[in-house]
**Q** 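Below is one structure. I have some questions about it.
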Amino acid sequence: MTTIPAASTASVPTPARRDFLPFAPPLIGEEEIAEVVDTLRSSWITTGPKTKRFEQEFAAYIGATGALALNSCTAGLHTALVTLGIGPGAEVITTPTTFAASVNVIEHVGARPVLVDVEPDTLNIDAALVAAAITPRTRAILPVHYAGHPADLDRIGELAAAHRLAVIEDAAHAVAAKHRGRLIGAGDNPVAFSFYATKNLTTAEGGMLTGDAAFLDRARIVSLHGMSRDAWKRYDKGGSWFYEIVVPGFKYNMTDIQAALGLWQLRKLAGFQERRRAVVRMYDAAFAPEDALELPARRPEVEHAWHLYVLRLVPGVLRIDRDGFVEELRQRNIGTSVHFIPIHLHPYYRDKYRYQPDSFPVANSNYQRMLSLPLSAGLSDADARDVIEAVLDVVRRHRR
Ligand SMILES: *Cc1c(COP(=O)(O)O)cnc(C)c1O
């Protein structure tokens with residue numbers, strides 16, 4: 001028999017939670033489970049009535065003219081680029097401070113991603129730098145509403161109008177976020193949401209694309225093999241077996257199993273957001289007095305979706321760096337993450353476009369000192385207090 005050695009407690013600082021607090025667990029209730037079971041017991045398990053209802057209820061919630069349910073946000077961004085005819089020879093201006101999917105899709109269509117640096121406070125794409133990066137080949141601007149704080153849509157919209165560019169918003173973090181009182185996704189331009197497991201509203205995997213009606217009609221075809229639905233109408237005597245491929249499209253549809261989750265998650269979203277804001281208020285109150293910590297920015301014209309609570313370590317105050325801070329929290333059973341490793345540091349992009357770490361100094365320097373604290377609708381006050389206690393303990397012990 002092997003004996004399992006007792007865990008060493010020598011290096012475990014107090015206070016530490018007894019169980020590990022995950023960074024962002026999903027919050028799935030009995031309603032979601034029952035709805036999924038109902039779908040599984042029905043005769044329709046893939047794209048069908050529940051997906052249609054989810055699209056309608058999501059569009060109604062956002063105030064969008066319509067919505068297209070897909071199997072991911074990545075699929076939504078890719079579908080938007082293809083639908084707008086953006087391909088080889090085109091340039092799309094986007095941010096280095098994002099998940100790789102936002103930029104990978106630009107490569108997928110054969111266009112060139114043009115990265116510009118971010119604003120020091122919000123870490124959203126810097127509209128002044130967007131202006132300077134526009135060329136005759138630019139077709140679109142792809143802002144990411146980082147952490148749930150909307151990007152500067154006023155100035156981005158002005159630039160797009162002046163140069164006849166599309167604006168494709170990566171709203172993976174921004175369901176329920178508002179810009180000047182209007183929910184993200186309520187406009188006419190393409191906006192892609194994510195319902196990935198860690199996001200504010202989840203279908204395990206899933207996404208939604210909003211935009212104007214004509215765009216969504218075409219996007220729907222692109223996202224499902226390029227099968228024309230109009231063909232069904234034109235040949236109604238031919239029966240339901242008839243279809244025509246009008247473009248080599250993709251297989252990006254959402255299933256009714258996912259939509260079953262989404263229907264209930266959407267109904268609970270307001271409550272989820274209220275809970276996130278309550279945790280944020282606790283974090284803000286506890287961390288604001290600490291000179292070692294820089295709190296997340298928020299601008300007066302936005303309502304933050306609080307997908308992420310990103311702390312930044314103020315340089316020179318602590319003896320440990322971000323990696324040390326993450327490790328100290330892990331030893332106290334607090335899970336964290338880092339959003340994001342900037343695009344230009346990933347080998348594919350670094351090598352293809354010959355980037356240096358300081359090609360985007362704001363993105364790079366903030367990456368070095370950022371960490372995302374646990375934030376989810378399932379976090380209790382006691383959980384949040386554990387996070388606060390652990391963070392403050394690390395700060396106290398490692399002050400210079
Ligand atoms: C999660 C995420 C995505 C990708 O979403 P999927 O639904 O997993 O495809 C895209 N962009 C950002 C900024 C994200 O955080």
Side-chain angles (χ1 to χ4, degrees), residues 23-26 51 54 58 67-82 92-109 113 115 118-119 122-125 140-151 153 167-177 184-185 190-210 219 223 250-255 257-259 261-262 265-266 276 296 304-310 336-346 349 363 366-367 370-372 375-376:
F23 162 70
T51 305
F54 185 37
F58 189 84
L68 171 60
L70 299 169
N71 60 20
S72 73
C73 175
T74 308
L77 294 168
H78 187 205
T79 297
L81 289 166
V82 171
V92 178
I93 301 173
T94 191
T95 168
T97 303
T98 187
F99 182 59
S102 322
V103 189
N104 286 347
V105 291
I106 301 170
E107 294 280 326
H108 291 166
V109 299
L115 303 181
V118 294
E119 302 168 335
T122 64
L123 304 182
N124 276 320
I125 193 167
I141 306 168
L142 198 160
V144 178
H145 303 303
Y146 176 77
H149 187 299
L153 292 177
V167 178
I168 302 169
E169 294 169 53
D170 179 337
H173 300 180
V175 71
I184 294 297
V191 180
F193 295 89
S194 175
F195 306 138
Y196 179 65
T198 58
K199 301 287 159 66
N200 293 31
L201 181 168
T202 186
T203 60
E205 299 282 356
M208 194 75 85
L209 191 55
T210 59
S223 70
F250 302 92
K251 185 61 165 63
Y252 282 162
N253 54 307
M254 177 179 278
T255 72
I257 301 169
Q258 292 165 301
L261 292 166
Q265 290 271 300
L266 182 61
R276 284 175 179 272
H304 203 309
W306 292 112
H307 172 56
L308 302 173
Y309 191 93
V310 179
T336 59
S337 191
V338 173
H339 299 89
F340 294 95
I341 303 164
I343 297 301
H344 69 291
L345 301 186
H346 290 297
Y349 291 100
N366 281 282
Y367 160 62
M370 64 166 56
L371 69 154
S372 304
L375 180 59
S376 68

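Just so you know, ligand 1 is whichever comes first in the structure, and atom 1 is the first atom listed for that ligand. Residue indices begin at 1 and follow the sequence shown. Side chains included, hydrogens not; waters and symmetry mates left out as well; all remaining heavy atoms used.
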**Q** Might you list the protein residues in contact with ligand 1, defined as having a heavy atom under 4.0 Å from one of its atoms, sorted by chain and number?
**A** S72, C73, T74, T98, F99, S102, V144, D170, A172, H173, S194, Y196, K199, G206, F340
**Q** For A305, give me all partners under side-chain contact (heavy atoms from CB on, under 4.5 Å), at least two apart in sequence or on another chain.
**A** A177, N200, Q273
**Q** Short question: side chain of Y349, backbone of N104 - any donor-acceptor pair under 3.5 Å?
**A** yes
**Q** Under 3.5 Å, is there a donor-acceptor pair between the H339 and S372 side chains?
**A** yes
**Q** Any side-chain donor paired with an acceptor under 3.5 Å for D170 and Y146?
**A** no
**Q** List the atom pairs, with distances to 0.1 Å, where a side-chain N or O of residues 73-82 and a protein N or O form a donor-acceptor pair under 3.5 Å, not counting sequence neighbours.
**A**
{"from": "H78", "atom 1": "ND1", "to": "Y252", "atom 2": "OH", "distance (Å)": "2.7"}
{"from": "T79", "atom 1": "OG1", "to": "A75", "atom 2": "O", "distance (Å)": "2.7"}

**Q** Can you list everything that forms a side-chain contact (heavy atoms from CB on, under 4.5 Å) with Y367? Sequence neighbours excluded, please.
**A** R322, V338, I341, P342, L345, N364
